[in-house]
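Here is the structure we will look at.
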Amino acid sequence: MNKFIVPFSDNLIFVNGGFISTVRSIPNYLRFLSTSSTATPNASTALLSEEEEAFDLTSHVIQEKDYLKKSPNGGLRVLDLIDQGVLEPDGKLYNQLLNKCTQLGKIKEGKLVHNHFLKSRFKHYMVIQNTALNMYAKCGCLDDARQVFDKMPVKDMVTWTAMITGYSQNEKPEEALVLFPEMLRAEMKPNHFTFSSLLKAAGARTDEREGGQIHGFCLKYGYDSNVYVGSALVELYCRYERMNEAHFVFDGLVDKNEVSWNSLIAAHARKSEGDKALRVFQRMQRHDFKPTHFTYSSIFSACASTGSLEQGKWIHAHMLKSGLKLIAFIGNTLLDMYAKSGSFDDAIRVFDRLVKSDVVSWNSMLTAYAQHGLGEKTLDHFEKMKKTGIEPNSVTFLCVLTACSHGGLLDKGQYYFELMKKSNIEPDVSHYVTMVDLLGRAGQLDRALNFIEELPIEPTSAIWGALLGACRMHKNMELGAYAAERVFELDPYDSGPHILLYNIYASAGKWNEASKVRKFMKEIGVKKEPACSWVDIENSVHMFVANDDNHPMQNEINKMWGKISEKIKEIGYVPDTSHVLLYVDEQEREVKLQYHSEKLALAFALLKTPPGSTIRIKKNIRVCGDCHSAFKYASLVVEREIILRDTNRFHHFYRGSCSCGDYW
DNA sequence: TGTGAAGGGT
């Protein structure tokens with residue numbers, strides 16, 4: 001493991017892993033700051049809404065000043081009372097008022113209080129100036145905060161830190177980092193507050209040297225063992241996706257708290273490392289730390305990404321026992337986990353039990369309906385949402401349009417696209433892609449092309465890709481080739497469009513053209529992602545790749561599929577060999593079909609799960625037409641519900657039919 | 001009387 005080297009001079013800056021660079025003076029440090037900037041969300045006011053409803057500046061002051069009880073008016077009555085000479089203000093009062101405005105995000109009132117303060121005899125009080133600066137920064141008014149900062153003739157360490165924090169928390173990491181050397185030049189000594197904000201800022205940028213340098217300063221000033229700074233360091237290395245370093249810093253922390261644990265769990269969740277996230281979660285409890293909203297939110301998100309339904313259910317039970325309320329903060333990820341793992345009914349139950357839902361909860365539910373092919377139900381849900389007064393946003397409309405596209409609801413899709421524009425929500429690329437998909441799937445290929453040509457933006461590869469997909473579906477070779485060319489001009493290295501074009505040619509028997517596509521792919525070095533399926537059995541994931549016969553139970557799997565195949569043929573299944581897009585004879589095509597990864601996964605699941613239980617399979621590409629047909633018959637023969645999640649949506653096979661109504 | 005770190009939907 002690498003050691004951290006402590007710099008003992010301002011002229012030397014070291015980072016994790018050893019010496020990176022020598023900086024002779026502080027201005028040189030600035031050269032390390034590149035210009036790109038990445039955003040970090042700030043959710044500090046997430047749980048304030050109930051208190052906000054009860055906003056009343058006066059009532060806040062009343063608690064401490066009895067004579068104000070006689071003044072029933074709220075809001076800025078306090079300022080009037082000062083003007084009328086009824087109330088003699090002191091510095092503490094201005095601070096209280098400014099802080100209350102900060103806490104409730106009441107910037108308009110805050111500005112009035114600030115202006116009043118500037119006319120008062122306390123206007124030179126640095127502490128109150130700091131409070132005002134902090135108020136502007138917390139409310140996202142960075143220009144106002146900066147104005148306060150620039151006008152302050154005397155600044156202390158809190159002034160500098162509040163400004164740095166303001167930038168850090170408002171997605172201006174570069175500005176935060178630039179201020180640090182200035183602060184040092186002004187001979188201010190940074191403290192643990194300064195470092196936690198600087199580390200957050202550094203974590204939002206791509207140049208890892210910056211974070212390393214700040215880490216060096218933390219060590220130099222002796223703040224690395226502070227619990228806030230330590231957690232920020234863990235988070236920094238998580239943001240850089242350097243998990244070994246993150247664990248190394250974490251293990252070295254004498255003082256850990258929930259935040260340090262949550263950072264690690266969230267980072268593994270972001271990287272879709274569900275098993276690692278779960279391991280940290282279990283360790284956290286062994287060390288007697290209580291999981292918080294953040295912990296559960298991350299854990300459910302990790303389970304959603306890996307489709308670990310059983311583990312997710314176990315943690316859900318754990319959460320219920322802990323007594324934490326099902327607020328949107330956790331509920332939305334829990335809902336998403338159930339939806340993504342195919343437990344649609346559980347997703348609805350979570351939604352219905354949410355203590356307070358927000359626009360994300362509604363959008364998540366809309367997504368769940370849309371992905372399960374329930375077009376009309378998605379639209380009902382959307383109408384219900386509007387009645388509750390929750391404002392739809394651009395994601396809401398994307399969910400609605402996706403539902404229309406997947407459900408074949410052409411007219412309704414067009415209606416909602418217009419409604420979106422009328423609601424002053426500007427469509428973005430994702431909406432345009434969905435509209436092309438909607439028109440294309442419905443077979444309106446010319447209209448889809450027309451739509452693209454009239455777009456107010458330059459069409460992207462995703463937009464042309466949607467048209468290409470539709471051409472594959474409707475076997476339109478000429479337009480497909482045209483769309484493919486546009487995609488290749490914009491993004492030649494994505495394998496998907498090449499495969500689509502190959503499939504268009506191959507399914508039409510145009511083997512010369514098809515082989516040209518293969519040749520072109522080889523020339524530019526694009527490789528086809530192998531098709532694979534997963535099935536989760538007894539807490540372990542089993543993966544199957546098409547035509548792969550390396551599984552230890554391969555013989556049993558083949559025998560099982562052989563049995564199923566015979567039975568489904570008896571009731572009408574006919575292998576559709578047009579889905580084997582290889583230049584091979586008919587008999588070999590049928591053999592190829594039976595080794596499709598989803599069929600192998602299904603046969604294995606039938607061997608390993610009790611009769612009657614639901615089978616859940618995941619696939620990395622769209623299900624093929626033959627497998628879709630075979631699964632419908634299989635669900636009848638084996639009397640099981642089979643849920644298949646592919647890249648686009650869910651298919652629920654039950655009693656011989658599929659929830660998608662064969663439209664996908 | 002003032003300053004800090006952790007989560008989510010297509």
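In what follows, chains are A, B, ... by sequence order, proteins preceding strands, each numbered from 1. Since the structure is predicted, the reported quantities are computational estimates derived from the model, not experimental observations.
- In this entry the distance linking CG of N226(A) with C1' of dT3(B) reads 13 Å, nearest Å.
- In the set dT3(B), dG8(B), dG7(B), dG7(B) carries the atom at the smallest distance from any side-chain atom of A266(A).
- Distances shown here put every side-chain N or O of K100(A) at or beyond 4.0 Å from the OP1 or OP2 atom of dT1(B).
- Out of dG7(B), dG8(B), dG4(B), the shortest distance to the side chain of D358(A) is found at dG8(B).
- Going from atom CG of L199(A) over to atom P of dA6(B) covers 10 Å, rounded to whole Å.
- The distance between atom CD1 of I265(A) and atom P of dA6(B), rounded to the nearest whole Å, is 15 Å.
- The side chain of S197(A) approaches dG4(B) more closely than any other nucleotide in the set dT3(B), dG4(B), dA5(B).
- Look at F195(A) and the base of dG4(B); the rings do not stack under the cut-offs of 5.5 Å between centres and 30° between planes.
- Taking the side chain of S301(A) as heavy atoms from C-beta on, and the options dG8(B), dG4(B), dA5(B), the nearest nucleotide is dG8(B).
- Note: F351(A) and W362(A) meet the aromatic proximity criterion, with ring centroids under 6.0 Å apart.
- Taking 4.0 Å as the cut-off between side-chain N and carboxylate O, K384(A) and D380(A) do not count as a salt-bridged pair.
- We find that CG of D255(A) is positioned 18 Å from P of dA6(B), with the value rounded to whole Å.
- Atom CH2 of W160(A) is separated from atom C1' of dG4(B) by 18 Å (rounded to the nearest Å).
- Regarding L334(A), its CG atom lies at a distance of 15 Å from the P atom of dG8(B), rounded to whole Å.
- Taking 4.0 angstrom as the limit, R270(A) places a side-chain polar atom (N or O) nearer than this to OP1 or OP2 of dG7(B).
- Contact annotation for N332(A): base contact, defined as any heavy-atom pair under 4.0 Å involving a base atom.
- Here the side chain of S297(A) is nearest to one of dG4(B), dT1(B), dG8(B), namely dG8(B).
- Residues F217(A) and F180(A) bring their aromatic ring centres within 6.0 Å.
- Residue side chain F294(A) meets the stacking definition with respect to dA6(B): its ring centre sits within less than 5.5 angstrom of the base's six-membered ring centre, and the planes differ by less than 30 degrees.
- Within the 4.0 angstrom heavy-atom criterion, only backbone atoms of the sugar-phosphate kind lie near N99(A); the bases stay farther away.
- Between H268(A) and H247(A), the gap from one ring centroid to the other is short of 6.0 Å.
- In terms of polar N and O atoms assigned as donor or acceptor, the side chain of N134(A) never comes within less than 3.5 Å of the base of dG4(B) in a complementary pairing.
- When the P atom of dT3(B) is taken as reference, atom CE of M152(A) falls 13 Å away, rounded to whole Å.
- Using a 4.0 Å cut-off, some side-chain N or O of Q169(A) falls inside it from OP1 or OP2 of dG4(B).
- Under a 4.0 Å N-O distance rule, the pair D646(A)/K618(A) does not qualify as a salt bridge.
- Contacts of D428(A) with the nucleic acid, taken as non-hydrogen atoms under 4.0 Å apart, are absent.
- Distance from the side chain of N257(A) is smallest for dA5(B) among the nucleotides dT1(B), dG4(B), dA5(B).
- Remark: K200(A) is in phosphate contact with dA6(B), judged by side-chain N or O atoms under 4.0 Å from OP1 or OP2.
- Using cut-offs of 30° and 60° for the angle between ring planes, the Y416(A) and F382(A) rings count as perpendicular.
- Note: CG (N191(A)) to P (dA5(B)) measures 13 Å, nearest angstrom.
- For the OP1/OP2 pair of dT1(B) and a distance below 4.0 Å, the side-chain nitrogens and oxygens of Q129(A) include no atom meeting the criterion.
- Nucleic acid contact for K340(A): sugar-phosphate only, since backbone atoms but no base atoms lie under 4.0 Å from a heavy atom of the residue.
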